[in-house]
Chemist: 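Mind looking over this structure? Questions follow.
Along the sequence shown, the residues carry numbers beginning at 1.
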Amino acid sequence: MTNMCFSCRTWQLRGILCQHAICVLYHIEKEPDHFVEHWYRKDTFLKVYSHFIQPISNMKM
């Protein structure tokens, strides 16, 4: 599963597992969550949006 190569090319293009990859991973008893790219994971999302952005009061700022 290291080459991430399926004929639909969904996994290669998006970094999100296609249904073919998920079926193969379940067949070989691997957890599909470990093969998703890091930017699609919950912990990455929480890190990105953990900072509070201060609104600006007018156009000059």
Chemist: Just one of Leu17, Ile22, Ile16 clears the side-chain contact (heavy atoms from CB on, under 4.5 Å) bar with Phe35, so which one?
Modeler: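 By the side-chain contact (heavy atoms from CB on, under 4.5 Å) criterion, Phe35 pairs with just one of Leu17, Ile22, Ile16: Leu17.
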Chemist: What distance do Asp33 atom CG and Arg41 atom CZ have between them, rounded to the nearest 0.5 Å?
Modeler: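 Going from CG on Asp33 over to CZ on Arg41, the span is 8.0 Å.
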Chemist: Treat each ILVMFWY residue as a node, draw an edge where side-chain heavy atoms are under 4.5 Å apart, and state whether Val36 and Val48 are in one component.
Modeler: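 Not linked; separate clusters.
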Chemist: For the NZ atom of Lys47 and the CH2 atom of Trp39, what is their distance to the nearest 0.5 Å?
Modeler: 14.0 Å
Chemist: Can you confirm whether Tyr40 is buried at OH, in the sense that more than 12 heavy atoms of other residues, nucleotides or ligands lie under 6.0 Å from that atom?
Modeler: yes
Chemist: Among residues at least two apart in sequence or on other chains, which ones pass ring pair (Phe, Tyr, Trp, His ring centres under 6.0 Å) with Phe45?
Modeler: Tyr49
